[in-house]
Amino acid sequence: MDETVATQTRYRAMSDTPLRQYLAGLPEVRALLGGGPEAWTVREVGDGNLNLVFIVSGPAGGVAVKQALPYVRLVGESWPLPLTRAFFEHEALSEQARWVPDLVPRVLHFDADLALIVMSYLTPHVILRKGLIHGTRYPRMAEDMARFLAETLFRTSDLHCPAAEKKARMALFCGNTALCRITEDLVFTDPYREAPLNRWTRPQLDGDAAALRADGDLRAAAQRLKLKFLTSAEALVHGDLHTGSVMATDADTRVIDPEFAFYGPMGFDVGAFLANLLLAFLAQSGHEERRGERDDHRAWLLDQVEAVWTGFEARFRELWLRVGGGDAFDPGLFADEGGSAALAAAQDAYMAGLLADSLGFAGCKMIRRILGLAHVEDMESIADPDRRAACERQALALGRLLVVRGGELGSIRAARQAAERIAEGRTP
Ligand code: SR1
Ligand code: MG
């Protein structure tokens, strides 16, 4: 597909009237909305960093329309970005729907030229990040996210996917270089140097930012993780699995927005999600009107950190033993006496490595949200800069610990306890 934008394709950024006309020409969508285009309402609701998002409602139902812009929305036209990210998002959504159709939005239509995807409208879902800020608990979320992670990562890895098929898929997703480059720069590099787009709560965190930039152990550990991100094509990862990429209700969880998808390290997805739960946890004191009023919610958030990892690990191990199917760890090699013990030991070592990766990546993802370009609403919505900085300083401390020593912690319980100690102002 042509990577250039706008001038060489039918591409035009959508607005109200052209979108109505376009959707009216799609029989399935038109039927789902009901009535004619004049009876529909169109709202542009995108509040993310990159794209346009429209909610179109008609007498019979609604759809969500996501369209890539040829530049980074957060920054403007000075930062061009290929429209092909919509192609990769559609490919990733299709792959995820093979394994967890109940955990992703249903795709109704994809137009590569317009870089536009029409999806089922998720209602009454809210963006998980917003719900967590508000103090809402989601009883299904941890179990659903554990299943999403285990299924999508296991099924697209060499533990399940035959090598030739996996290589073909890797080749396809190798084209998503521009989106990977954003992560390489914004997550793994810029927070550790004086980059023009960096920002933080000033002047409160000036000293903290300088200390992290001067921290050689931290820089080296972050670069080890960056190398893993660049080279470890373990599975098709979502690539941007923060709590703004999840929509939830009490009874339903959907993962959206996989435009950063590529074949990368599994721990990058697991770590991204854990990092955002930990950021939500550390932001809670900034949202309290009375000290301690959110203690229960804080404890619940840490329970979710543990539940996501333990649920993920259990299902991943189970898939490995029960389903297998890939070219790695051929069961025939473990069929003899002693084979099952050897396989169990190999699985233990594999899962320990995956936890270490996940915690390290989680640390990188926390630090980038405090010192880099793109921040999170959990912290940004704390109006008092002193209170915000206090929460953010704790996030930097936990982030540093996870990047430098995540591999030594050895259990998700130890990571939880480190978070608790930092939140209480104790030494981790
Ligand atoms: C320039 S894009 C900034 C961030 O937004 C996306 O959600 C990704 O997290 C990216 O790093
Ligand atoms: Mg996104």
Side-chain angles (χ1 to χ4, degrees), residues 44-54 64-93 96 104-105 115-117 119 122 125-130 148 176-192 195-200 222 225-226 229-230 237-248 254-262 264 268-277 279-280 361-380 395 399:
E44 204 279 308
V45 297
D47 66 351
N49 296 326
L50 301 179
N51 307 295
L52 295 171
V53 181
F54 299 91
V65 181
K66 177 172 177 180
Q67 186 182 34
L69 287 164
Y71 53 86
V72 174
R73 182 176 185 165
L74 174 69
V75 174
E77 295 186 30
S78 62
W79 187 342
L81 200 60
L83 296 173
T84 47
R85 64 187 189 274
F87 167 80
F88 295 112
E89 175 161 351
H90 177 251
E91 283 292 324
L93 281 169
Q96 293 160 354
V104 292
L116 174 153
I117 305 173
M119 288 166 277
L122 299 172
H125 300 62
V126 299
I127 296 284
L128 177 60
R129 187 187 303 289
K130 291 183 186 294
F148 176 87
N176 206 7
T177 50
L179 279 280
C180 287
R181 183 62 197 248
I182 288 178
T183 304
E184 290 149 21
D185 289 343
L186 297 192
V187 175
F188 294 108
T189 310
D190 285 357
Y192 307 99
L197 294 175
N198 282 350
R199 65 185 181 87
W200 55 80
L225 288 158
K226 179 175 181 177
F229 180 85
L230 287 162
V237 298
H238 175 286
D240 197 23
L241 195 52
H242 52 76
T243 47
S245 295
V246 178
M247 298 192 69
R254 303 279 167 159
V255 176
I256 61 172
D257 278 3
E259 66 204 309
F260 283 77
F262 77 113
F268 189 71
D269 270 2
V270 180
F273 195 66
L274 296 180
N276 280 267
L277 292 177
L279 286 168
F361 285 125
C364 291
K365 296 286 259 183
M366 295 179 75
I367 291 171
R368 64 80 57 115
R369 295 297 188 191
I370 310 299
L371 300 181
L373 165 70
H375 288 216
V376 288
E377 193 180 337
D378 310 65
M379 298 292 181
E380 296 292 284

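Note that ligands are numbered from 1 as they come in the structure, with each ligand's atoms numbered from 1 the same way.
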- Message: Applying side-chain contact (heavy atoms from CB on, under 4.5 Å) to F262 and V237, what does each step give before you reach the verdict?
- Response: CA-CA 6 Å; F262 77 113; V237 298; 3.5 Å; yes

- Query: Do F268 and F260 make the cut of ring centroids closer than 6.0 angstrom?
  - Reply: no

- Within a distance under 4.0 Å of any heavy atom of A374, pick out the atoms of ligand 1 and give their elements. 3 (C), 4 (C)

- Per-residue contact class, R369 against ligand 1 - non-hydrogen pairs under 4.0 Å: side chain

- Item | Min heavy-atom dist K365 to ligand 1 below 4.0 Å | no

- Taken to the nearest 0.5 Å, the spacing of H125 NE2 from I256 CD1 works out to 10.5 Å

- Message: At less than 4.0 angstrom from any non-hydrogen atom of R368, what atoms of ligand 1 do you find?
- Response: 4 (C), 9 (O), 10 (C), 11 (O)

- Mode of L50 contact toward ligand 1 - side chain, backbone, both, neither (heavy atoms, under 4.0 Å): side chain

- Message: Using 30° and 60° as the class boundaries, would you call the ring planes of F188 and F361 parallel, tilted or perpendicular?
- Response: perpendicular

- Check R369, R129, R199 against E380 for a salt bridge (Lys or Arg N to Asp or Glu O under 4.0 Å) and give me the one that passes. R199

- Message: Does the residue T183 have a heavy-atom contact with ligand 1, meaning some pair of atoms that are separated by less than 4.0 Å?
- Response: no

- Message: Is the contact between V75 and ligand 1 made by the side chain, the backbone, both, or neither, using heavy atoms and a 4.0 Å cut-off?
- Response: neither

- Query: Can we say K66 and D257 salt-bridge, meaning some charged N sits less than 4.0 Å from an Asp/Glu carboxylate O?
  - Reply: yes

- Message: Quick check on side-chain hydrogen bond (donor to acceptor under 3.5 Å, both in side chains): which of Q67, E89, R85 does N51 satisfy it with?
- Response: R85

- Message: One thing to verify: whether K130 and E377 come together as a salt bridge, which I'm taking to mean a side-chain N less than 4.0 angstrom from a carboxylate O.
- Response: yes

- Item | H242: numbered ligand 1 atoms lying under 4.0 Å from its heavy atoms | 7 (O)

- Check whether any heavy atom of D240 sits under 4.0 Å from an atom of ligand 1. yes

- Query: Atoms of ligand 1 less than 4.0 Å from V72 heavy atoms?
  - Reply: 1 (C)

- Name the closest protein heavy atom to atom 4 (C) of ligand 1, giving the residue it belongs to and the distance to 0.1 Å. N49 ND2, 3.4 Å

